[in-house]
Peer 1: 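There's a structure below that I have some questions on.
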Amino acid sequence: MGYRDYQERMTKIADISYAIALLSWDQETYMPEKGAAFRAQQIATLSTIAHGLATDNELGGILTDLNKSGSHSLPEKEKRNVARSLRDYSKQKKYSSEFVERLSKTASECFQAWQKAKTENRFALFAPLLATMVDLKKQEAELLGYEAHPYNALLDQYEPGATVAALDILFKDVREQLVKFVKQIAAAPKPEDAFMYKHYPKEKQWNFGLELLKQMHYDFEAGRQDISIHPFTTSFSALDVRVTTKILEDNLKSMIWSCIHEGGHGLYEQGLPTSEYGLPSGEAISLGIHESQSRLWENNVGRCLPYWKANYERLQKLYPENLGKVTLEQFYRAMNRVEPSFIRIEADELTYHFHILVRYDVEKKLIAGKIQVKELPEYWNSRYKEYLGIDVPSDDKGVLQDIHWSHGSFGYFPTYSLGSFYAAQFYHRANMEIKGLETLIEQGNLLPLLQWLREKIHKHGKFYTAEELCTQVTGEKLNFKYFMEYAKNKYGAIYNLKKEKV
Ligand code: CO
């Protein structure tokens, strides 16, 4: 008994979890249609085994002992691993098998109702199941326990340490500063972007995407890219990290920036220490920090001018008929077109956060019982009018658009915005610490930036909390001003906004 025993048990749990991840990856990429039913059964069986190991009383005993004695004998990293695993273990133990079953049954019914409701554009079909789901989530918050606000218990599952108190401050800044700024942008003439939607044959897009990943130093000996309906990243160890992409022949933007985005997730996973396999110190910190890595590459790097100074000519040569007459400057402005729209996943990097603001506001109020499910469409539409200045034409383009609530994922959305805000703060720091960063990017040399991220963020796994990491890397806690500064500098120039007005 001891640390080694703990580590062996965690390794086994990881082995099973990664096997599940591999089955799921296959399900989304290559599995033939008829394989679905048995595949679901195989994943369910392995999940039950993993859950059994993770909630085993003996593991609990080992963790409790190590945690008690750890304060004297264990080195800091081991001590933190034990404390985090004990926290996870105690949480898992709070769920009765009855409750888990009810949650999973409701989720599958709720998902089906959502699909039908979205297809038929009838919120009423979804509302009763969603109300049941919200009730279960309220119960879940109670059984997990929380301070100050029940929504905190749910947030903590995706972003450990995140609270309503802290997010309220962040989103207040979004509301007060970003909404005003985007209104200024909306009043300026829009960049022309019709050439992005010409015909772009698949194969050339695929090859260009692979080149971008190589340039980022995504390791193809420890990973690969495939096609899926929704792009995602998954990992079976730091030495086998899979990314997927989606190619639309009538939309060049879709592949390029989803490829860079998933590449950023992939680099984080490939940079985690292999010696810490299965332990918290070998895992990503949180969804917000994960998303900071994908968005730093996608937006701060992948939508900046120097990056395209390095890459645009090659792209232009691939599609001379579409891009031959489009200048670098025009291409850059087109990729950064800002325009309020209904659909979150199609939003630009600024208005995106209004979509999250609405969802955060709705979730918080639902869980606190301040609004009811049946009031959602009206409430949703009024928020879109206020923040984005648009009239939602129908519920399938409004409150029914996202899958998350049907799965029971309440507390997930805010991590997307956190990701962008962390990214801006990290990138600001990288720019200070890496000499001539933008010149390096202009030369297509992305290695110094990757090495900086490896050293500052990736290699630490979950040793730090998100807040500790942010302070460690940038000297202060998460601060919205870095995102706002980035937005004003970049878009102020693109849209010719007068400095004093900004
Ligand atoms: Co992502």
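All heavy atoms count here, side chains included; hydrogens, waters and symmetry mates do not. Both ligands and their constituent atoms are indexed starting at 1 by order of listing.
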Peer 1: With a distance cut-off below 6.0 Å to the six-membered ring centre and an angular limit of 45° from the axis, does Lys116 pair with Phe126 as a cation-pi contact?
Peer 2: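 Not flagged: Lys116 not positioned over aromatic ring of Phe126.
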Peer 1: Just the protein N/O/S atoms under 2.8 Å from the Co ion (ligand 1), please, no waters.
Peer 2: His261 NE2, His265 NE2, Glu291 OE1
Peer 1: Please name all residues satisfying ring-ring contact (aromatic ring centres under 6.0 Å, His included) with Trp257, sequence neighbours left out, ordered by chain then number.
Peer 2: Trp308
Peer 1: Can you name the residues that form a ring-ring contact (aromatic ring centres under 6.0 Å, His included) with Tyr495, not counting sequence neighbours?
Peer 2: none
Peer 1: Give a yes/no verdict on a cation-pi contact between Arg87 and Tyr89, requiring under 6.0 Å between NZ or CZ and the six-membered ring centre and an angle within 45° of the axis.
Peer 2: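 Checked: cation-pi criterion not met.
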Peer 1: Quick one: ring-ring contact (aromatic ring centres under 6.0 Å, His included) partners of Phe342, sequence neighbours excluded?
Peer 2: none
Peer 1: Both conditions, 6.0 Å and 45 degrees, for the charged tip of Arg175 above the ring of Tyr387: are they met here?
Peer 2: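 Arg175 over Tyr387 ring: no.
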